[in-house]
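A short write-up of the structure that comes next.
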Protein chains: 2
Amino acid sequence: MENNSCIRQQADIKQINRCKETVSELNETFDYLANGLSLVGNSVRLKILYLLFEEKRLCVCDLSDILGMNISAISQHLRKMKDRNLLDTERDAQTIFYSLTPEYSILLNPFFEILDKNKVLETI
Amino acid sequence: MENNSCIRQQADIKQINRCKETVSELNETFDYLANGLSLVGNSVRLKILYLLFEEKRLCVCDLSDILGMNISAISQHLRKMKDRNLLDTERDAQTIFYSLTPEYSILLNPFFEILDKNKVLETI
DNA sequence: TTCTTATTTAAGCAAATACTAAAATAATAA
DNA sequence: TTATTATTTTAGTATTTGCTTAAATAAGAA
């Protein structure tokens, strides 16, 4: 930081201090939330999340076939989302099924609705 | 793609084809949405968005001071979000004020509520 | 036990991202 | 006009991310 003396003459010092307090109070929350959103902000992972929302559960192999991508690449995406609690797993013999955690299913619903709406529009 | 013949014996072919169709129909929508979410999925930008949600409008200089970051770095973040229509600008003499576009204010509201709730919790 | 199927993990690399520093633009004041 | 203030843009660099390939793990079948 070279130059944080840029503060405008007309700057609202009270406002700036209030904001600084907010940022320092919520710092970890910002990081945690941003990290979760960055996982959703990737088109491969967004597709996976939406497909799991629609189909309830899918395995790596299904997703690899659907998305036309390497199983390893998909597996690595799934791991990230599982580690961040976006996904649950359930084993059925050799097959591991992934599903959306209920919390993220709710939180991401507005985005899934956008996708649903677009789907209808494009089908007409 | 070396090996997309991984398909399980028990794979639900109908399900997989339905999913493939969904993905191909919505492909651009996925990309567009993911791109928007990737902008929100960065803690600096999430902070900026939340501060604009709370304060209605702020300039680069305010944000630079609040976040303790280089003006140039903030300006580059703001540009990305303006280009993707997350932000509006309004000039007041030499100062350029940024604000949230109404659409994204609504769409991001559930996340801002999480932040609001955490703020209250930590203040108690 | 060995073989097959399903999946994960590790290593390596290319592309994307975020930041710094310096130069450029733009509006106002002297 | 020149100087000041507010901001953006460009170029360079370090870090992060996403994918490929190959090796490792894990469960069931022969």
Length of the line joining [X]:[atom1] and [N]:[atom2], which is rounded to integer Å:
{"X": "M81(B)", "N": "dT7(D)", "atom1": "CE", "atom2": "P", "answer": "15 Å"}
{"X": "L63(B)", "N": "dT7(D)", "atom1": "CG", "atom2": "C1'", "answer": "13 Å"}
{"X": "I48(B)", "N": "dC19(C)", "atom1": "CD1", "atom2": "C1'", "answer": "13 Å"}
{"X": "N70(B)", "N": "dT13(D)", "atom1": "CG", "atom2": "C1'", "answer": "15 Å"}
{"X": "L46(B)", "N": "dT17(C)", "atom1": "CG", "atom2": "C1'", "answer": "17 Å"}
{"X": "I71(B)", "N": "dT8(D)", "atom1": "CD1", "atom2": "P", "answer": "10 Å"}
{"X": "Y98(B)", "N": "dT8(D)", "atom1": "OH", "atom2": "P", "answer": "3 Å"}
{"X": "D62(B)", "N": "dT7(D)", "atom1": "CG", "atom2": "C1'", "answer": "13 Å"}

Check whether any side-chain nitrogen or oxygen of [X] sits under 4.0 Å from OP1 or OP2 of [N], and answer yes or no.
{"X": "H77(B)", "N": "dC19(C)", "result": "yes"}
{"X": "K80(B)", "N": "dA18(C)", "result": "yes"}
{"X": "R79(A)", "N": "dT9(C)", "result": "yes"}
{"X": "N42(B)", "N": "dA18(C)", "result": "yes"}

I'd like to know if the side chain of [X] and the backbone of [Y] have a donor-acceptor N/O pair within less than 3.5 Å.
{"X": "T89(B)", "Y": "F97(B)", "result": "no"}
{"X": "D62(A)", "Y": "L58(A)", "result": "no"}
{"X": "T95(B)", "Y": "R91(B)", "result": "no"}

Discussion item. Within the 4.0 Å heavy-atom criterion, would you say K82(A) contacts the bases, only the backbone, or no part of the nucleic acid?
Written reply: nothing
Item to complete: Quick one: label A93(A) by what it contacts on the DNA or RNA (base, sugar-phosphate, nothing), any heavy atom closer than 4.0 Å.
Response: sugar-phosphate
Fill in: Residue met sooner reading DNA chain D from 5', once R91(A) and V60(B) are mapped to nucleotides
V60(B)
Worksheet entry | G41(A) or Q76(B), whichever maps to the more 5' nucleotide of DNA chain D | Q76(B)
Discussion item. When you measure only distances, ignoring hydrogens and angles, does the side chain of S72(A) come within 3.5 Å of the base of dT21(D) through a donor and an acceptor?
Written reply: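 For S72(A), whose side chain was compared with the base of dT21(D), there is a donor-acceptor pair (under 3.5 Å).
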Worksheet item: Considering only heavy atoms and no angle criterion, is a donor-acceptor pair shorter than 3.5 Å present between the side chain of Q94(B) and the base of dT28(C)?
Response: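 Looking at the base of dT28(C), it does not pair with any donor or acceptor on the side chain of Q94(B) (distance under 3.5 Å).
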Discussion item. Salt bridge check, E54(A) against K119(A): does any charged N sit closer than 4.0 Å to a carboxylate O?
Written reply: yes
Fill in: Carboxylate-amine/guanidinium proximity below 4.0 Å for K20(B) and D65(A)
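D65(A) and K20(B): salt-bridged.
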